[in-house]
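Just so we're on the same page: letters track the sequence lines, and every chain starts at 1.
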Protein chains: 2
Amino acid sequence: MEEKKQATIVDVAKAAGVSVATVSRVVNGNYPVKVETKEKVKAAISSLNYVPNVQARELNTRRSSTIGVVVPGLHNMFFAEVIDGIEDAVRQDGFSFLLNCAQNDPVQEMQAINTLVARNVSGIIVISPNTKNISENFYEELVQRVPLVFINGYHRIRGVSYVGNDEQMGSQTALEYLAGLGHKRILFVRGCNSDSYDIKEDTYREFMTKRENFSEDYILNIGEGNGVETVDATTEALKLKLPQLQPTAIFCCNDLMAVGAMNACKRLGLAVPDEISIMGYDNIALSRLVEPKITTMDQNMFQLGKSAAQLLIETIRGGKSKRIMLDNVLVSRDTTGVCKDNL
Amino acid sequence: MEEKKQATIVDVAKAAGVSVATVSRVVNGNYPVKVETKEKVKAAISSLNYVPNVQARELNTRRSSTIGVVVPGLHNMFFAEVIDGIEDAVRQDGFSFLLNCAQNDPVQEMQAINTLVARNVSGIIVISPNTKNISENFYEELVQRVPLVFINGYHRIRGVSYVGNDEQMGSQTALEYLAGLGHKRILFVRGCNSDSYDIKEDTYREFMTKRENFSEDYILNIGEGNGVETVDATTEALKLKLPQLQPTAIFCCNDLMAVGAMNACKRLGLAVPDEISIMGYDNIALSRLVEPKITTMDQNMFQLGKSAAQLLIETIRGGKSKRIMLDNVLVSRDTTGVCKDNL
DNA sequence: CTGTTAGCGCATTCAT
DNA sequence: ATGAATGCGCTAACAG
């Protein structure tokens, strides 16, 4: 590689015949400088192609305009949209962000965070933090030193901000919608290892029990709920269960499962929504790409990321930590319809 | 915020009763240190929760272990997978990366890159660079100062490395496959503003002409090819064109268009692949989530990102720039079949 | 308005 | 094997 080295502030000062302090002042524009000296300096800057070294600057201001983002993985479109929202907010405030993937592994999550701290980020956003497996103390200690915002993951740690969805209310809304359409035999499809599924299941149990319609058989756990394998796993599970259980509606904990459910119905020759209704959750892009388009609960992932970033920056600038709960709204599309059993 | 500040090397030295030089040595493990002092230092480090400040370190070693990544946008699953590959390679080499989105806008692309340079990244990966709209001189000048790798985008700039797919050969493979199935009336569906589409169209023209089967009518441009709107745009366009053109196969420039084509066929009551075959391109996750699963050309996006990152790091460490061309391989699934016209 | 100087946190000679 | 001292590029007092 060519090693034409970068000009430093000293080079500029020398070229312009002024002191480094003056150069610093015109670069930052935070102190008055006589117009003509300013011109000289600017000329020197552009002729030398000078770009201030952010690392040096941040080293002695002990501030950093970089934040860190830790995400379980990128395969999942859900996370990509959240990051998109983060990027949007961050850019508007002149920040940049370092992205790290934790591969759904608590150890890697810790490593990622340590890397970020070492790089002196001024704050960290953790998407779906693994607080169960990492000692909670890790985060309690960490937040003393660097502002933290969690996205999705129901943890109350002192000083840690949080942005998430009210999935309890969202599930309730979804179930009421289905019930309003006349459905009574509603199959519940969930994945493993996420309190998100637990919350929804609790809501489902309570809802169905209240209507004296609950049966343990109608709860189906298809395993890993966020991988490429999720769709097929759901399809296979339902191909077995559907004929036996004969539900009139399926409530899926996310859109991947909903697509799997649709594929199962297609294989079994069940018409959606005429013979059976399918309800997803998340509103990822996929849900409106398939045919018929999936009725789902919008988690507004972009907004989730954007709010988290704004909250973090606010905290960095001295604000207090807080918790934000967004409401999920129903997006009615083509996979749900009136229950024919009642006609 | 609590401002309990980070422990520095001085704090550790003090706590361990040694000099900062010694601490530095045990941290970097590059000079011999007596075992017992090493123990003392390590104890101090962990008790103080000391994390070396990367900015300070890089400031005086004049190296940086951060690279920059510029991407047109994240909505597109294609890019997410590429970034996943980058992340993988980067982490293995102890690098981190700053992610910037250019929103398909040349001006924002330049801004993003300048931000990255100011942050002293040691190299930059640009995915689908906008070299047509940005003065090529911009990149020629830039690469003198910082190593550059382009992913996808066919530009030969002196000193700039490149990783891409041989889409010419890939399209050829796809068309031969379709022809081998007996298809003669093959509709070509493309988007606008990407040389990727141009390359494929050229290949298509030549292929069809050689078989005396070419007709201008069979080339369909559906506009923006990489947005959420792409699927529906394709569906609408094909609902009109299909009845009129009666192709037996559709070659789509990407999987989004292929999904749109499938939806159109469903609406028109055309059975896939029995009455009409559909071929996609890219092999994004979506292509194996829909039913039937789409036959497509794998662009191995993860590998694309991984190779680019490795190449960049190689260049940073003193290697020469180079160009890497990956081959696309056919992934045969369920949307293509023998042409019934010939039976 | 402008220059001088003291660090920011760390790696690295040069001594010891 | 270890410590003292220097400087990376920059900002922010402080002094004119």
Backbone of [Y] reached by a side-chain donor or acceptor of [X] within 3.5 Å:
{"X": "B:E87", "Y": "A:C101", "answer": "yes"}
{"X": "B:S307", "Y": "B:L304", "answer": "no"}
{"X": "A:T66", "Y": "A:V121", "answer": "no"}

Stepwise side-chain contact (heavy atoms from CB on, under 4.5 Å) test for B:F78 and B:N226: CA-CA 9 Å; B:F78 183 94; B:N226 262 322; 5.6 Å; no
Regarding [X] and [Y], do their side chains bring together a donor and an acceptor under 3.5 Å, going by distance alone?
{"X": "B:S65", "Y": "A:R119", "answer": "yes"}
{"X": "A:Q108", "Y": "B:R91", "answer": "yes"}
{"X": "A:E58", "Y": "A:N120", "answer": "no"}

Rounded to whole Å, please give me the gap between [atom1] in [X] and [atom2] in [N].
{"X": "A:R119", "N": "C:dG9", "atom1": "CZ", "atom2": "P", "value": "18 Å"}
{"X": "B:K14", "N": "C:dG9", "atom1": "NZ", "atom2": "P", "value": "11 Å"}
{"X": "A:E39", "N": "C:dT2", "atom1": "CD", "atom2": "C1'", "value": "17 Å"}

Among A:V20, A:V27, A:N28, the one residue meeting side-chain contact (heavy atoms from CB on, under 4.5 Å) with A:S24: A:N28
Presence of B:N30 side-chain N/O under 4.0 Å of C:dT12 phosphate oxygens OP1/OP2: yes
Sugar-phosphate only, base, or nothing, as touched by B:T8 at under 4.0 Å among non-hydrogen atoms: sugar-phosphate
pair A:D88-A:F302: side-chain heavy atoms closer than 4.5 Å: yes
Validation row: B:Y162, B:L311 side chains within 4.5 angstrom (heavy atoms): no
Strand-adjacent residues in residues 40-60 of chain A, judged by heavy atoms under 4.0 Å from DNA chain C: A:L59, A:N60
Distance (rounded to the nearest 0.5 Å) between B:I157 CD1 and B:S321 OG: 11.5 Å
Degree of bending, the helix from C:dC1-D:dG16 to C:dT16-D:dA1 (end axes from five pairs; round to 10°): 40°
Between protein and nucleic acid, restricted to nucleotides 1-4 of chain D and to nitrogen or oxygen atoms under 3.5 Å apart, what atom pairs and distances do you find?
{"unit_1": "D:dT2", "atom_1": "OP1", "unit_2": "B:T37", "atom_2": "OG1", "d": "2.9"}
{"unit_1": "D:dT2", "atom_1": "OP2", "unit_2": "B:K34", "atom_2": "N", "d": "2.7"}
{"unit_1": "D:dT2", "atom_1": "OP2", "unit_2": "B:T37", "atom_2": "OG1", "d": "3.2"}
{"unit_1": "D:dG3", "atom_1": "OP2", "unit_2": "B:S19", "atom_2": "N", "d": "2.8"}
{"unit_1": "D:dG3", "atom_1": "OP2", "unit_2": "B:S19", "atom_2": "OG", "d": "3.1"}
{"unit_1": "D:dG3", "atom_1": "OP2", "unit_2": "B:T22", "atom_2": "OG1", "d": "2.5"}
{"unit_1": "D:dG3", "atom_1": "N7", "unit_2": "B:R25", "atom_2": "NH1", "d": "3.2"}
{"unit_1": "D:dG3", "atom_1": "O6", "unit_2": "B:R25", "atom_2": "NH2", "d": "2.5"}

